[in-house]
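Only one structure is covered here, and it is reproduced in the block below.
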Amino acid sequence: MNLASGLVKLGLSVITFTYSLSVFAVNLAEVKKGEYLARVGDCISCHTAPHGKPYAGGLPMLTPVGAIYTTNITPDAETGIGRYTESEFAHALRRGVAKDGHHLYPAMPYPSYAKVSDADIHYLYLYFMHGVKPVRQSNKASEIPWPLNYRFPLAVWNRIFLDKQTYQADASKDASWNRGAYLVQGLGHCGACHTPRGLAFQEKGLTHASDHFLSGETLEGWSATNLRGDHNTGLGRWSEADILVYLKSGANQHSSVFGTMTTVINNSTEGMTTQDLSAIATYLKTIKGTNDKQQKPYQYDPNVTQAQFKTVTSYPGARLYQQYCVACHGQDGKGVAPYLSPLAGNPAVMDPDPSSLINVILNGSPQLKAQGVAAPFNMPKFRHMLNDTEVAQLVSFMQMAWNHPLEATSAQDVAKIRKLPPSAH
């Protein structure tokens with residue numbers, strides 16, 4: 001009897017141990033799913049300060065009324081989100097309301113995260129609770145002055161502008177298109193940067209049903225480019241393969257990544273699956289253009305520009321281009337894609353808002369490290385070499401070179417970008 005009882009206990013122990021291993025394996029797999037989804041959402045770029053610890057917050061973000069600082073989202077119980085339940089985590093992510101009831105500023109893209117599915121919220125919660133190292137670091141107060149720092153009006157803001165509906169698949173589209181729409185509209189929160197904002201800082205459109213959605217916006221001194229199908233300023237001349245390569249490597253035959261988009265490539269899209277990137281490209285290529293309707297489709301023509309190069313004394317912008325830019329980008333403006341960005345026909349150069357062009361000349365661009373490998377060439381900064389007038393002349397030249405149809409940029413436009421704090425660089 002004792003022997004039999006012992007065998008039964010041993011058998012039960014083996015079954016329990018085997019079950020525990022299987023549960024652990026399932027949980028580990030779910031944590032890994034959450035880790036991937038956090039990469040898709042690029043959470044680390046915003047919630048990690050320069051030289052700071054991952055997800056511990058402290059990154060300054062500029063708003064029209066003052067700087068705010070991202071919060072600690074590590075599982076530290078005192079200063080992070082360690083005491084959040086899954087429902088409280090979901091409420092913060094999709095409704096913009098923290099555990100203690102205070103409202104988050106819509107710089108946190110919860111209007112986009114409202115579309116994220118319950119299953120993906122679950123995986124994200126598991127990752128942040130079990131896959132992220134806790135860091136004891138208190139959150140920094142915002143620099144928004146009184147009385148604008150009161151948060152109760154955000155409850156009204158949410159009632160007006162927050163769509164609480166999770167993503168609903170379009171039965172008329174295939175699985176790839178729906179996956180792309182889900183990622184772009186939801187966890188990828190592309191509209192948070194690339195969609196114009198209204199007077200109340202609300203995105204003017206949250207889906208492709210709006211002509212404003214992804215049509216471009218200026219934030220923190222950078223012009224987040226048009227992602228619609230416009231021929232000149234958008235993705236009209238890009239193929240799905242071009243979009244996929246750009247998101248995976250940061251460069252293609254049309255353009256190279258710069259500015260704040262560099263961290264998106266480094267920390268997010270370069271680590272996404274080819275299937276997901278292809279889905280994003282499929283979805284983006286179905287969004288019709290809205291900005292270029294009054295413009296002729298761009299056609300490359302170097303003749304006028306080449307003539308200016310022959311008499312640079314009459315064209316200060318052409319002279320500055322030859323002095324500072326031609327070695328990398330060429331007199332023909334075609335660069336050496338994908339290593340050295342083409343400028344001719346580049347949607348970022350053809351953007352009516354010159355903010356990004358000014359900013360990248362003044363302040364250079366962060367190091368692109370796709371797949372962990374640093375790009376062989378990096379845009380240097382010229383803020384200490386060129387004054388406002390010279391930068392304006394250089395930008396104006398590029399905006400009108402190679403048959404670009406844009407107006408001149410002023411020294412006043414440059415001065416505004418130069419005065420922005422380092423966090424905007």
Side-chain angles (χ1 to χ4, degrees), residues 216 218 220-226 232-233 251 254-259 291-292 294-337 339-366 377-422 424-425:
T218 300
E220 297 189 327
W222 294 97
S223 176
T225 54
N226 177 4
N232 295 347
T233 62
H254 301 285
S255 186
S256 298
V257 70
F258 58 86
N291 290 355
D292 295 351
Q294 306 303 318
Q295 298 180 15
K296 293 180 180 179
Y298 174 71
Q299 294 291 328
Y300 177 74
D301 184 351
N303 292 329
V304 173
T305 303
Q306 294 298 337
Q308 291 179 349
F309 282 139
K310 294 177 181 179
T311 54
V312 291
T313 53
S314 301
Y315 301 96
R319 176 183 58 79
L320 291 166
Y321 182 87
Q322 280 200 324
Q323 185 173 355
Y324 294 103
C325 313
V326 75
C328 290
H329 300 286
Q331 284 199 357
D332 60 4
K334 293 185 176 181
V336 184
Y339 305 106
L340 296 166
S341 180
L343 300 178
N346 188 319
V349 178
M350 297 184 70
D351 191 334
D353 183 346
S355 296
S356 286
L357 204 51
I358 294 170
N359 206 333
V360 78
I361 291 172
L362 287 175
N363 304 308
S365 184
F377 303 100
N378 202 48
M379 178 68 185
K381 61 178 65 176
F382 292 97
R383 67 181 298 123
H384 302 300
M385 301 173 68
L386 301 174
N387 61 37
D388 292 347
T389 298
E390 290 171 326
V391 173
Q393 290 169 343
L394 181 56
V395 170
S396 297
F397 168 76
M398 288 189 280
Q399 288 181 308
M400 292 181 278
W402 311 295
N403 204 31
H404 294 161
L406 300 175
E407 300 295 329
T409 292
S410 70
Q412 289 74 22
D413 294 328
V414 178
K416 292 177 183 178
I417 300 295
R418 191 186 288 272
K419 291 176 182 177
L420 291 175
H425 300 173

Polar contact flag, side-chain donor to acceptor under 3.5 angstrom, T225-D351: no
Side-chain touch P342/H254, heavy atoms, less than 4.5 angstrom: no
Atom pair OG1 (T233) and CD (Q295), whose distance is rounded to the nearest 0.5 Å: 6.5 Å
Heavy-atom side-chain contact between N232 and P347 under 4.5 Å: no
Side chain proximity check, L386 to L320, heavy atoms < 4.5 angstrom: yes
Short side-chain to backbone donor-acceptor contact, S396 and T409, under 3.5 Å: yes
Rounded distance (nearest 0.5 Å) linking atom CE of M385 with atom CD of Q323: 7.5 Å
Residue among L362, I361, V360 satisfying side chain to side chain contact (heavy atoms under 4.5 Å, CB included) with I358: L362
Gap separating the CZ atom of R319 from the OG1 atom of T313, nearest 0.5 angstrom: 9.5 Å
Check: Y298 ring centroid to H404 ring centroid under 6.0 Å: yes
Side-chain H-bond candidate by donor/acceptor type, S410 with D413, under 3.5 Å: yes
Straight-line distance of N346 CG to L357 CG, nearest 0.5 Å: 8.5 Å
Ring geometry between W402 and F397 (parallel below 30°, tilted from 30 to 60°, perpendicular above 60°): perpendicular
Nearest heavy-atom neighbours spanning V414 and A392: CG2-N, 3.7 Å
F258 side chain reached by W222 side chain, heavy atoms, under 4.5 Å: yes
Over 12 non-hydrogen atoms of neighbours within 6.0 angstrom of OH in Y300: yes
Any donor-acceptor N/O pair, N378 side chain to S365 backbone, under 3.5 Å: yes
Centroid-centroid under 6.0 Å between F382 and Y324 rings: yes
Contact check, side chains of R418 and R383, non-hydrogen atoms, under 4.5 Å: yes
Side chain proximity check, L340 to C328, heavy atoms < 4.5 angstrom: yes
Nearest heavy-atom neighbours spanning P316 and Q393: CB-OE1, 3.6 Å
Distance in Å, N359 CG paired with M379 CE, rounded so as to fall on 0.5 Å steps: 10.5 Å
Under 3.5 Å donor-acceptor, N403 side chain and Q299 backbone: yes
Min side-chain heavy-atom separation M398-L394 under 4.5 Å: yes
Side-chain touch Q331/Y321, heavy atoms, less than 4.5 angstrom: no
Side chain T305, main chain A401, donor-acceptor under 3.5 Å: no
Approximate separation, where rounding is to 0.5 Å, of L343 CG and K334 NZ: 12.5 Å
Closest approach of S355 to T218 (non-hydrogen atoms, all atoms of both residues): OG-CG2, 3.9 Å
Trace of the side chain to side chain contact (heavy atoms under 4.5 Å, CB included) decision for Q322 with V312: CA-CA 9 Å; Q322 280 200 324; V312 291; 3.4 Å; yes
